[in-house]
Amino acid sequence: EMSASLVGSEMCIRDSKRGKRKMRFTNLLTELARKNISKKELAEKISMRPETLYKKIRGGSDFTYPEILRIRDEIDPDLKLDYLFKMEEA
């Protein structure tokens, strides 16, 4: 059985027999590095436990829309959400 959930502007496909595909937010990680912001710092700035942020970046659970907006605003409010949260297969 297949199910899908919206993460940013991308669909994350789940297959109940094989589990979730490994996805990562390459652009998000690139922009964090470009701005010299660690994942731990970002987690603190958006009031999220670092472990939770790490899990969400690895695709272990989905970001909520308010989380997406807070992250984008901390990194660069001018970035497009579909760019920043584009998911790529790991």
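What you see is a predicted model; the values in this text were computed from it and never measured. Positions are given from 1, in the same order as the sequence printed here.
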Legend entry - Member of M48, R58, E67 meeting the side-chain contact (heavy atoms from CB on, under 4.5 Å) criterion with L53: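 Testing each of M48, R58, E67 against L53, the sole residue satisfying side-chain contact (heavy atoms from CB on, under 4.5 Å) is M48.
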If I take atom [atom1] from residue [X] and atom [atom2] from residue [Y], how far apart are they, to the nearest 0.5 angstrom?
X	Y	atom1	atom2	result
T26	F85	OG1	CZ	13.0 Å
E44	S38	CD	OG	7.0 Å
R72	L28	CZ	CG	12.5 Å

Legend entry - Student check: side-chain heavy atoms of L79 and E31 closer than 4.5 Å: yes
Inset, instruction - May I ask you to test the F25-L32 pair for a side-chain heavy-atom distance under 4.5 Å? - result: no
Which heavy-atom pair separates [X] from [Y] by the least distance, and what is that distance?
X	Y	value
I71	F63	CD1-CE2, 3.4 Å
D62	K56	O-NZ, 3.0 Å
P50	K40	CG-CG, 4.3 Å
L29	K39	CD2-CD, 4.2 Å
E41	N36	OE1-O, 3.9 Å

Inset, instruction - Using a cut-off of 6.0 Å, state whether more than 12 heavy atoms not belonging to Y54 lie near its atom OH. - result: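 Check passes, neighbour count above 12.
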Inset, instruction - Decide yes or no on side chain to side chain contact (heavy atoms under 4.5 Å, CB included) for L69 and L81, but give the supporting numbers first. - result: CA-CA 8 Å; L69 294 177; L81 293 177; 3.9 Å; yes
Inset, instruction - Apply the test side chain to side chain contact (heavy atoms under 4.5 Å, CB included) to residues L84 and I68: give CA-CA distance (whole Å), side-chain angles for both, the deciding distance (0.1 Å), then the verdict. - result: CA-CA 9 Å; L84 191 59; I68 288 170; over 6 Å; no
Inset, instruction - Could you tell me whether the side chain of N27 and the main chain of K86 form a donor-acceptor pair under 3.5 Å? - result: no
